[in-house]
Amino acid sequence: MDKPKTYNSQEAEKKWQEYWEKEKLYKFIQPKQTKDIFSIDTPPPTLSGAMHIGHAFSYSQGDFIARYHRMLGKAVLYPFGTDDNGLPTERLVEKLKHVKGVKMDREAFVQLCSKTVAELTPSFVQPWKDMGISCDFNQSYSTIDKHSRYVSQYSFLDLYRKGRIYAEESPVAWCTTCRTAIAQAEFDNIDQSSTFNDIVFKVGSKDVTLSTTRPELLPACVALMMHPSHKQYKDLKGKFAKVPLFNYEVPVLADEKVDPTKGTGIVMCCTFGDKTDIEWWRKYKLPLRVLFDDHGNLNDLAVKYQGLPLKEARKQIIADLQEQHLLTHQKPIQHAVNVHERCGTEVEFLKKRQWYIRVLDMKEDLIVAADKITWTPEFMKHRYVHWVENLAWDWCISRQRFYGVPIPVWSCKKCNNVILPEEKDLPLDPLETKPKKACSCGSKEFIPEQDVLDTWATSSMTPQIVLGWPNNKEFSSSYPMNLRLQASEIIRTWSFYTIVKSLLHHKTIPWHHIVLSGLIMDPQGQKMAKSKGNVIDPVVLLQKFSADAIRYWAAGAKVGEDISFQEKEIVNGQKTVTKLWNAAQFVASHLTDKPSKKQKLELMDQWLLTKLQQLIQNCTESFDQYSFWTVKAAVDNFFWNIFCDYYLEIVKDRLYNPDKRGKEARASAQFTLHAALLTLLKLFAPIMPYITEELYMQLFLKEEKNKSIHVSAWPTVDQKLLAEETLVLGDRFVQILSEVRQFKSQQKVSLKAEVILTLEKKDYALLEPVFADLRATCQARDIKQGSFSVTLCV
RNA sequence: GAGCCGGUGGUCUAGCGGUUAUGAUGCGUCCCUUACAAGGACGGGGUCGAAGGUUCAAAUCCUUCCCGGCUCACCA
């Protein structure tokens, strides 16, 4: 068979990807003993966006670990999911299909979403396959599929019965763009320029000025607040102030939470401007003045501003205040604002009935759980703990959207009782089905719940979804899972919620380890963002570079560390791929007549093999600690410097000139080249799956009898090949070689130029057994004893 | 404001108690040597953010400070 002269990564990567898929190489097969499973809980990327560079990076890192464990002989449970439920998907469908969910029939919209998701999924997933991610794509799940809906609704019922879920009408964070309640974890913090407006309130005949950034909330004002020790306004306490423009009276109250140094030291309490307003509203049992609707448009409380959106109302109210000389001063400020992470809209608060999972009382357990999980890198645990400690709200799990997992409840029209479905009827949509029995009050009329669950309420169940909870009998022996892989930026959501659910359902942690990957920064160290225009598209990269090269780059970063994107590092990967190919072709050309019997080994071969055993040991230990960047550096260094730069040069003479050097000397080199190349390919295989597969199949398929390098055995240290006594000799050999090269370089002669080499007595004695190799490699016509020197032959 | 991570040749980076401080890239010089010129050999270049301290010994541990980044809080 004709072998190709050069390696075409484009063709080869496509070929092997198809081969792996056809052979179902990454299919999970349940082993006899669950201890032979290595299970990985992988993040389902959201269908609403394409693969970004962070995905390519972190999934690659996870894949190194998965492939390593597969080569150790574990049954690797490594599913692939897509997150295609909830708001992000709705927005995508709305954009693609030019529709508005709000304006459509709910059922028709949900159907359109499902249809669109099905259309999009294959091409969405393709880049992951192209990157060589070795998930079992035939067993992928989606967070909206039937099984996920089942698990998610089952979870709801379970937690409801455990008394963990409650519905309550209370102030909740609200997005006026998405028209839904949101949770604390969905807040983004931005710094915004705004204006401090000094507005005059009348208390009796006295003027009281306060500063606010939100004058549009004047009609929602329910009190003025001051610090108890406020000097200037001491006498105001207990009096009433008249709200300007709207002319109604509100009490002046004193509270410690007011910062007397901020603004004028007086602040208005509105229902609701922020969290503190909610606190005061509760504490002082203040009236509720709901000012705007779900879209953020003002209602009749706003009188002449009715119907205006909040922002517009602000402008007009400021104008009117100005006109009536009630606005005494304006000052530009920068302040922090919570926005909805999905759309950037400022978070508002509305009193609404929502469903919650009670989590505030379990902070301690949540922190204890974190200690039972091994965090890599360890410092990431702090972020989780910090988040838990700062939790301020229970987890709001209801969303006023359409495409998602329905909340599986009805309420009785007559007595308002909550009616739950039976487990065997899940998943269901309460809008489409009815309870099978009458309510305990006798009524047969029910109001179906309209809301769907927060996406995280479902994706926090990925371990259970993947392991077939609750009906899989093996579940408890496979749970907790071995490993969770994810990006560090979703600790407060995905890690946190998954741990919450696990503790509540199973009273244990969801996985033993969690490995967090860092962020990709641009070459200047700035966070990548579309708005900055510094985003790197991995699909474009894949057209330019091989997946192996991109993975090589991803392997260079310590797990959990943010790294800046360096295209040069990918180029290095590309070079390494080419170098592997060339070195392998060279080795292969000398193996056609490799004796099958093991040979007596030359000293330099023993030296190489000993170093190789050390490398195996080092790589195995590193991989066991998820330290793939150490593996990459070690194998890379061995391959380039020891194997190619030195060893291949050392054995050329023996390989090319068996007549002069002897058949045995050649055979010894053949044995060593064979062993070293095979081992290096295997050590590189988790990081660069394509080139290693290509070369393995080309050169080692027959003898190894595996379907692929990726299901071949990870190398182990062969004690018989360890000859540590040769290390001093071999290391000195390459030092001398290096000095000879340096001499020739300084003399500006070809490396082929012949020299006379004079060695110190000690070196002479040490290296005498390998003089034949030394003479050939250095092109030394003669080796003498004396003070060290290299002389050019004329 | 709090917490966390980092600051190593021009650039990127390994090392995290004892190494002539790793490698890459760029730069300079040379070499078409039967795997590789999208290559190879060789070289100049850093004292490890700053200042103190611990130690026989510190880039590596401690303290303080400076700089960059991230997370959380602040949202009148």
Side-chain angles (χ1 to χ4, degrees), chain A residues 5-6 184 187 189-192 194 196-199 210-214 217 224-226 257-259 262-270 273-277 333-339 346-347 377-392 488-489 491-492 518-519 521 523-527 556-558 560-569 571-572 574-575 578-590 629-630 632-634 636-637 640-641 644-645 648-649 652 655-656 737-753 779:
Chain A
K5 285 212 174 73
T6 55
Q184 189 183 352
F187 293 6
N189 245 289
I190 59 161
D191 255 336
Q192 207 172 52
S194 185
F196 242 161
N197 302 284
D198 287 359
I199 298 174
L210 61 79
S211 294
T212 179
T213 55
R214 302 204 60 185
L217 294 183
L224 290 198
M225 309 297 296
M226 57 181 271
K257 259 209 133 169
V258 181
D259 179 353
K262 207 163 178 177
T264 60
I266 300 271
V267 55
M268 62 176 185
C269 172
C270 307
D274 63 20
K275 272 183 254 174
T276 316
D277 286 347
I333 57 158
Q334 281 292 116
H335 70 160
V337 182
N338 280 141
V339 297
E346 285 173 53
V347 172
E378 220 189 321
F379 67 76
M380 288 291 185
K381 186 164 75 178
H382 293 297
R383 293 201 191 172
Y384 167 88
V385 170
H386 198 157
W387 175 255
V388 172
E389 285 169 346
N390 279 299
L391 275 178
S488 58
E489 56 196 335
I491 289 175
R492 68 177 187 182
L519 292 172
M521 311 301 220
Q524 281 72 43
Q526 299 291 308
K527 203 170 169 178
K558 232 168 153 171
E561 301 241 305
D562 298 346
I563 68 161
S564 69
F565 177 79
Q566 301 290 340
E567 192 167 292
K568 277 179 200 156
E569 214 22 52
V571 172
N572 279 345
Q574 201 80 40
K575 284 184 182 173
T578 307
K579 187 89 171 172
L580 265 171
W581 172 268
N582 287 324
Q585 300 316 311
F586 168 73
V587 170
S589 71
H590 292 285
W629 61 96
T630 313
K632 180 220 171 189
D636 202 42
N637 178 56
W640 281 87
N641 301 126
C644 291
D645 290 355
L648 290 185
E649 295 305 319
K652 273 180 185 171
L655 293 169
Y656 285 119
L737 172 57
S738 179
E739 295 202 40
V740 171
R741 284 174 173 177
Q742 186 180 339
F743 169 80
K744 290 181 183 177
S745 182
Q746 278 162 0
Q747 297 300 310
K748 305 190 177 184
V749 295
S750 158
L751 288 178
K752 232 165 60 172
Q779 302 292 331

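Chain A is the first sequence line, chain B the second, and so forth, proteins listed ahead of strands; every chain is numbered from 1. Quick caveat, the model's predicted, so the values are computed rather than measured.
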I'd like to know if the side chain of A:Asn197 reaches the main chain of A:Ile199, judged simply by a donor and an acceptor atom lying under 3.5 Å from each other, with no hydrogens or angles considered. no

Show every salt bridge (Lys or Arg N to Asp or Glu O under 4.0 Å) that has at least one partner inside residues 378-390 of chain A, sequence neighbours left out. A:Asp371-A:Lys381

Sticking with atom P, work out how far B:G10 lies from B:C48, rounded to a whole angstrom. 13 Å

What integer distance in Å separates A:Phe379:CZ from B:C70:C1'? 9 Å

Nearest listed nucleotide, side chain of A:Glu649, among B:A24, B:C36, B:C4: B:C36

So what's B:U71 paired with, Watson-Crick or G-U wobble, going by both distances under 3.5 Å? B:A2

Find the partner of B:C61: check Watson-Crick (N1-N3 plus N6-O4 or O6-N4) and G-U wobble (N1-O2, O6-N3) distances, both under 3.5 Å, and reply none if neither fits. B:G53

Using atom NZ of A:Lys748 as one end and atom P of B:C32 as the other, report the distance to the nearest whole Å. 13 Å

Could you let me know what B:C42 is paired to, Watson-Crick or G-U wobble, both distances under 3.5 Å, or none if it's on its own? B:G28

Rounding to a whole Å, what distance do you find between A:Gln184:CD and B:C72:C1'? 10 Å

Between B:G9 and B:C72 - C1' atom distance, rounded Å: 37 Å

Check nucleotides 38-41 of chain B against the protein and report each pair of N or O atoms closer than 3.5 Å, with its distance, or say if there are none.
| residue | atom | partner | partner atom | Å |
| --- | --- | --- | --- | --- |
| B:G40 | OP1 | A:Lys579 | NZ | 3.1 |
| B:A41 | OP1 | A:Asp645 | OD1 | 3.1 |
| B:A41 | OP1 | A:Asp645 | OD2 | 3.0 |

Under 4.0 Å, heavy atoms only, any strand: does A:Lys257 hit a base, just the sugar-phosphate, or nothing? base

In this structure, how many angstroms lie between the P atom of B:C4 and the NE2 atom of A:His386, rounded? 10 Å

Within the structure shown, what part of the strands sits under 4.0 Å from A:Cys644 by heavy-atom distance: base, sugar-phosphate, or nothing? base

I'd like to check the side chain to side chain donor-acceptor pair (under 3.5 Å) partners of A:Lys632; sequence neighbours left out, ordered by chain and number. A:Glu569

Expressed in whole Å, how much space separates the C1' atoms belonging to B:A50 and B:C67? 10 Å

Which of these nucleotides, B:A24, B:C36, B:C74, is closest to any side-chain atom of A:Lys262? B:C74

I want to verify a distance call: between B:A24, B:C70, B:C72, whose nearest atom is closest to the A:Asn572 side chain? B:A24

Rounded to the Å, how far apart are A:Asn390 CG and B:G3 C1'? 10 Å

If you look at every strand shown and take non-hydrogen atoms under 4.0 Å, does A:Asp259 touch a base, only sugar-phosphate, or nothing? base

With sequence neighbours left out, write down each residue that passes salt bridge (Lys or Arg N to Asp or Glu O under 4.0 Å) with A:Arg741, or none if nothing qualifies. none

Which atom pair, heavy atoms only, marks the closest approach of A:Leu217 to A:Gly273? CD1-CA, 3.7 Å

Under the side chain to side chain contact (heavy atoms under 4.5 Å, CB included) criterion, do A:Leu648 and A:Phe586 qualify, and how do the steps go? CA-CA 9 Å; A:Leu648 290 185; A:Phe586 168 73; 3.8 Å; yes

If we take the C1' atom in both B:A59 and B:A21, what is their distance in whole Å? 8 Å

Would you classify A:Val385 as touching base, sugar-phosphate or nothing, given that sugar-phosphate means primed atoms plus P, OP1 and OP2, and contacts are heavy atoms under 4.0 Å? nothing

Across all chains, not counting sequence neighbours, the side chain to side chain donor-acceptor pair (under 3.5 Å) partners of A:Asn390 are A:His386

For A:Thr630, enumerate each residue passing the side chain to side chain donor-acceptor pair (under 3.5 Å) test, keeping only those at least two apart in sequence or located in another chain. A:Ser627

To check you understand the geometry: which heavy-atom pair defines the closest contact between A:Thr264 and A:Leu210, and what is its length? OG1-CA, 3.3 Å

Whichever of A:His382 and A:Gln747 has the more 5' nearest nucleotide on RNA chain B, that residue is A:His382

Quick one: does A:Gln184's side chain have a donor or acceptor within less than 3.5 Å of a partner on A:Ala392's backbone? yes

Residues at least two apart in sequence or cross-chain that pass ring pair (Phe, Tyr, Trp, His ring centres under 6.0 Å) with A:Phe565, listed by chain then number, are A:Trp553

Sequence neighbours left out, what passes side chain to side chain donor-acceptor pair (under 3.5 Å) with A:Glu649? Give chain and number order. A:Lys652

Does any donor-acceptor pair link the side chain of A:Asn189 with the base of B:C74 at a separation under 3.5 Å? yes

B:G18 versus B:A58 - spacing of their C1' atoms, nearest Å: 9 Å

Roughly how far apart, to the nearest Å, are B:G69 and B:G52 at atom C1'? 26 Å

Which whole-number value in Å describes the distance from A:Leu737 CG to B:C42 C1'? 12 Å

Nearest nucleotide by nearest heavy atom, which residue falls closer to the 5' end of RNA chain B, A:Gly263 or A:Asn582? A:Asn582

Taking only side-chain N and O atoms of A:Arg383, does any of them lie within less than 4.0 angstrom of OP1 or OP2 on B:G3? no

Taking any heavy-atom pair under 4.0 Å as a contact, classify A:Leu648: base, sugar-phosphate, or nothing. base

Nearest whole Å is fine: how far is B:U71 C1' from A:Ile190 CD1? 17 Å

Measuring only the C1' atom in each nucleotide, how far is B:A24 from B:U8? A whole number of Å is fine. 14 Å

Shorter than 3.5 Å, N or O on both sides, protein versus nucleotides 8-15 of chain B: list them out with atom names.
none

Return the value, rounded to whole Å, for the distance between atom CZ of A:Phe187 and atom P of B:U71. 17 Å

